[in-house]
Q: 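What follows is a structure written as structure tokens; I'll ask about it next.
One-based numbering along the sequence shown. Not measured: the values here are computed from a predicted model. Computed from heavy atoms alone, side chains included, the values below leave out hydrogens, waters and symmetry copies.
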Amino acid sequence: MRRTTYTNWISKILKEIANRRGDRMIENPAVQFTLDAKAGEYDEVSDETYNFLLNEVEELSKFWCDQKEVPAVQVLGAIFRKMNLDQKTIGAVAERLADRYAEEVKPFTEKNIVQDEGNLDWLFDMETEEKNQGLSPKEIYKFVSDRIYGQDRAVKAATMLLYNHIHAHKRNILFAGPTGCGKTEIWRVMSRLYPNIRIIDSTMLTMQGWSGSFKVRDIFSSMSQEEAEKAIIVFDEFDKFCEPLYGSNGTNYGAAAQNELLKLIEGGQIYFPADKGKPALELDSSGISFVFCGSFERLTDVKTESESSMGFGNKIQKKDAYVQYEKEITVEDLVRYAGIRQEIGGRINQIVQLQGMTAEDYKKILQDKTISPLHQLERQYGVKLRLGEREREKLAQEAERTKMGVRYLRSKIQQMLDEQLFQNDEQDEYELEL
């Protein structure tokens with residue numbers, strides 16, 4: 001019965017996504033169940049049956065993360081994360097979907113997938129192995145590099161961190177690069193291979209007992225203990241987290257917050273006491289890998305001024321939006337110029353510098369059928385989109401100027417498409433204009 005329930009829900013969600021309604025809000029099944037119970041719908045059933053139904057609904061509602069409604073695509077993502085699919089299974093699913101796509105309008109047959117469009121038992125029947133254990137570095141690298149433009153050094157570093165991590169060899173690395181260069185996007189792509197990657201906005205992180213709703217312990221709020229102890233935690237905007245933050249009494253709360261984070265990074269048994277209704281949490285952080293991402297503009301500015309005054313001005317283009325050093329950033333630089341505690345800096349195994357994206361890079365991205373947001377929207381909406389050379393040039397220039405990266409391109413193209421769809425949503429082809 002439970003399998004049938006899951007099948008019906010997944011089928012419903014897939015239909016929404018297939019019909020270009022992935023952003024449609026899907027109601028948590030617990031909401032209707034509660035209303036039905038209050039209305040007396042289950043008064044006649046036995047306690048055993050009621051408890052069974054209740055447990056089933058509670059299991060399903062976990063995919064909604066305690067929210068009344070979430071987009072269909074978000075529910076599907078939560079379901080796949082819960083399944084912990086290994087690479088072999090992912091490949092098998094991809095092959096079956098590719099076969100179906102290749103057939104286009106041909107009906108399903110027993111050999112292909114299913115005859116009944118609502119039956120998705122094949123998703124549950126596939127055998128799974130220890131997740132991702134069979135991935136080679138080259139397989140990981142190809143998967144990510146096919147979806148990320150440039151930044152080869154960073155992709156290789158991320159590849160080896162993931163490979164070592166899934167073989168129980170934790171690593172800590174730091175990505176430093178200008179806004180919009182793809183630091184965080186690499187890890188978003190990685191999370192499609194390894195679901196236990198959590199990207200944390202460091203600017204929201206506060207120390208225990210201090211004001212703010214997001215504490216160190218809350219990093220693990222959506223994970224089981226087993227998932228938490230095998231996680232890769234990515235701290236986005238980490239440079240902002242490390243900046244000094246002084247209270248009215250002169251206390252540097254930024255340093256205190258780093259001290260709390262240090263306990264987690266050091267590895268070993270960590271205990272978080274109960275806090276505001278949240279239960280106590282104990283876990284072993286020895287197997288957790290940490291990634292620190294940031295633009296570190298303060299570091300580049302201060303170091304530029306320092307080295308320029310020492311006679312190195314010709315080697316560094318000061319005030320350039322994408323400052324590039326001939327001499328690489330060191331742990332000493334992080335401690336001296338970025339405010340990172342020595343104890344944390346000493347636990348960073350590798351520092352990777354990413355390069356800023358230029359207008360020429362963005363023009364190439366727009367032409368790449370794999371990673372171009374133009375082609376991604378074509379696939380999403382099932383239409384042909386045309387973008388003139390003038391529009392491409394202007395978008396590329398603006399993306400470089402705003403430093404917002406590929407997300408700027410996607411946002412602008414989406415706006416242009418929305419305008420066209422508003423005028424006429426029945427065309428197969430649209431000419432996009434700024």
Q: How about Phe290 and Lys170: do any of their side-chain heavy atoms sit closer than 4.5 Å?
A: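 Sidechains of Lys170 and Phe290: in contact.
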Q: Using the salt bridge (charged side-chain N to carboxylate O under 4.0 Å, His left out) criterion, which residues pair with Lys156? Sequence neighbours excluded.
A: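 Lys156 satisfies salt bridge (charged side-chain N to carboxylate O under 4.0 Å, His left out) with Asp152 once adjacent residues are dropped.
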Q: Quick check on Glu282: does its CD atom have over 12 non-hydrogen neighbours (other residues, nucleotides or ligands) under 6.0 Å away?
A: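 For Glu282, atom CD is crowded (more than 12 foreign heavy atoms under 6.0 Å).
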Q: Report the distance from atom CD of Glu398 to atom NZ of Lys403, rounding to the nearest 0.5 Å.
A: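 Going from the CD atom of Glu398 to the NZ atom of Lys403 covers 11.5 Å.
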Q: Is there a side-chain contact between Ile329 and Leu334, using heavy atoms and a 4.5 Å cut-off?
A: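 Yes, close enough: below the 4.5 Å cut-off.
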Q: Would Arg217 count as a cation-pi partner of Phe220, with NZ or CZ less than 6.0 Å from the six-membered ring centre and within 45° of the ring normal?
A: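 No, Arg217 and Phe220 do not form such a contact.
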Q: Would you sort out whether Tyr163 and His169 count as a ring-ring contact (aromatic ring centres under 6.0 Å, His included), showing the intermediate values?
A: CA-CA 8 Å; Tyr163 176 79; His169 307 299; 8.6 Å; no
Q: Give a yes or no on whether the backbone of Phe175 and the side-chain of Gln353 come within a donor-acceptor separation of less than 3.5 Å.
A: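 No; zero donor-acceptor contacts below 3.5 Å.
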Q: Hey, is the main chain of Val406 close enough, under 3.5 Å, to the side chain of Arg410 for a donor-acceptor pair?
A: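 No; zero donor-acceptor contacts below 3.5 Å.
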Q: Does a side-chain heavy-atom distance below 4.5 Å link Gln74 with Leu76?
A: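 No; the side chains remain at least 4.5 Å from each other.
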Q: Could you tell me if Asp218 and Ser221 have a donor-acceptor pair between their side chains, going purely by distance under 3.5 Å?
A: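 Per modelled atom types, Ser221 and Asp218 side chains form no pair under 3.5 Å.
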Q: Measuring from Arg171:CZ to Ser289:OG, what's the distance to the nearest 0.5 Å?
A: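 One finds 9.0 Å between CZ of Arg171 and OG of Ser289.
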Q: If the test is side chain to side chain contact (heavy atoms under 4.5 Å, CB included), which one of Leu283, Ile288, Asp284 qualifies with Ser286?
A: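 Testing each of Leu283, Ile288, Asp284 against Ser286, the sole residue satisfying side chain to side chain contact (heavy atoms under 4.5 Å, CB included) is Asp284.
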Q: Apply side chain to side chain contact (heavy atoms under 4.5 Å, CB included) to Tyr337 and Glu332, showing your working.
A: CA-CA 8 Å; Tyr337 302 124; Glu332 289 72 22; over 6 Å; no
Q: What is the distance from atom CD of Gln414 to atom CG of Leu432, rounded to the nearest 0.5 Å?
A: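 Between atom CD of Gln414 and atom CG of Leu432 there are 10.0 Å.
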Q: Below 4.5 Å, heavy atoms only, C-beta onward: do Trp64 and Ile26 meet side chain to side chain?
A: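 Answer yes - side chains close enough.
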Q: Any side-chain heavy atom of Leu264 within less than 4.5 Å of one from Val216?
A: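 Yes, their side chains come closer than 4.5 Å.
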Q: Using the salt bridge (Lys or Arg N to Asp or Glu O under 4.0 Å) rule, collect all pairs that involve residues 340-353, keeping only residues at least two apart or in two chains.
A: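 Output for this query lists Glu266-Arg347, Arg341-Glu343.
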Q: Classify the ring geometry of Phe292 against Phe235: parallel below 30°, tilted from 30° to 60°, perpendicular beyond 60°.
A: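 Correct class here is parallel.
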Q: Checking the side chain of Glu27 only, and the main-chain atoms of Glu69 only, is there a donor and an acceptor separated by less than 3.5 Å?
A: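 No: the side chain of Glu27 does not pair with the backbone of Glu69.
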Q: What's the verdict on side chain to side chain contact (heavy atoms under 4.5 Å, CB included) for Phe238 and Cys293, showing C-alpha distance, side-chain angles and the deciding distance?
A: CA-CA 6 Å; Phe238 188 67; Cys293 297; 5.9 Å; no
Q: With side chain to side chain contact (heavy atoms under 4.5 Å, CB included) as the criterion, how do Val291 and Leu174 come out once you've worked through the C-alpha distance, each side chain's angles and the decisive distance to 0.1 Å?
A: CA-CA 6 Å; Val291 181; Leu174 181 141; over 6 Å; no
Q: Are the side chains of Ser136 and Glu139 in contact, using a 4.5 Å heavy-atom criterion?
A: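 A side-chain contact under 4.5 Å exists here.
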Q: Does Val352 reach the side chain of Arg153, with side-chain heavy atoms less than 4.5 Å apart?
A: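 They are in contact (side-chain heavy atoms under 4.5 Å apart), so the answer is yes.
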Q: Is a side-chain donor-acceptor pair under 3.5 Å present for Glu229 with Gln225?
A: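 Looking only at side-chain atoms, Glu229 and Gln225 do form a donor-acceptor pair, the distance falling under 3.5 Å.
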Q: For the atom pair CG (Asp333) and CD1 (Ile351), what is the distance rounded to the nearest 0.5 Å?
A: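 It is 7.5 Å, given to the nearest 0.5 Å.
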Q: Rounded at 0.5 Å granularity, tell me how far OG in Ser372 sits from CG in Leu366.
A: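 Going from OG on Ser372 over to CG on Leu366, the span is 5.0 Å.
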Q: Which pairs with one or both residues in residues 175-185 pass salt bridge (Lys or Arg N to Asp or Glu O under 4.0 Å), sequence neighbours excluded?
A: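 For residues 175-185: Glu185-Arg188.
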Q: Got a sec, which residues hit side-chain hydrogen bond (donor to acceptor under 3.5 Å, both in side chains) with Lys363, two or more places apart in sequence or on another chain?
A: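 Here the qualifying residues are Glu393.
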Q: Measure the NZ-CG distance between Lys412 and Leu374 for me, rounded to the nearest 0.5 Å.
A: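 The CG atom of Leu374 is 15.0 Å from NZ of Lys412, to the nearest 0.5 Å.
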Q: Would you say Leu395 and Met416 make side-chain contact, with heavy atoms under 4.5 Å?
A: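 Contact flag for Leu395/Met416 side chains = yes.
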Q: Checking the side chain of Arg392 only, and the main-chain atoms of Leu387 only, is there a donor and an acceptor separated by less than 3.5 Å?
A: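 Yes: the side chain of Arg392 pairs with the backbone of Leu387.
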Q: Taking only Lys NZ, Arg NE, NH1 and NH2, and the carboxylate oxygens of Asp or Glu, determine whether Lys364 and Glu360 approach each other closer than 4.0 Å.
A: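 Salt bridge flag = no for Glu360 with Lys364.
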Q: Name all residues meeting the side-chain hydrogen bond (donor to acceptor under 3.5 Å, both in side chains) criterion together with Thr184; count only those two or more places apart in sequence or in a different chain, and write none if there are none.
A: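 Counting only residues at least two positions away or on another chain, Thr184 forms a side-chain hydrogen bond (donor to acceptor under 3.5 Å, both in side chains) with Asp236.
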Q: What's the verdict on side chain to side chain contact (heavy atoms under 4.5 Å, CB included) for Leu35 and Phe33, showing C-alpha distance, side-chain angles and the deciding distance?
A: CA-CA 5 Å; Leu35 292 174; Phe33 183 88; over 6 Å; no
Q: The criterion is salt bridge (charged side-chain N to carboxylate O under 4.0 Å, His left out); which residues satisfy it with Asp368, sequence neighbours excluded?
A: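 Checked Asp368 against salt bridge (charged side-chain N to carboxylate O under 4.0 Å, His left out); zero matches.
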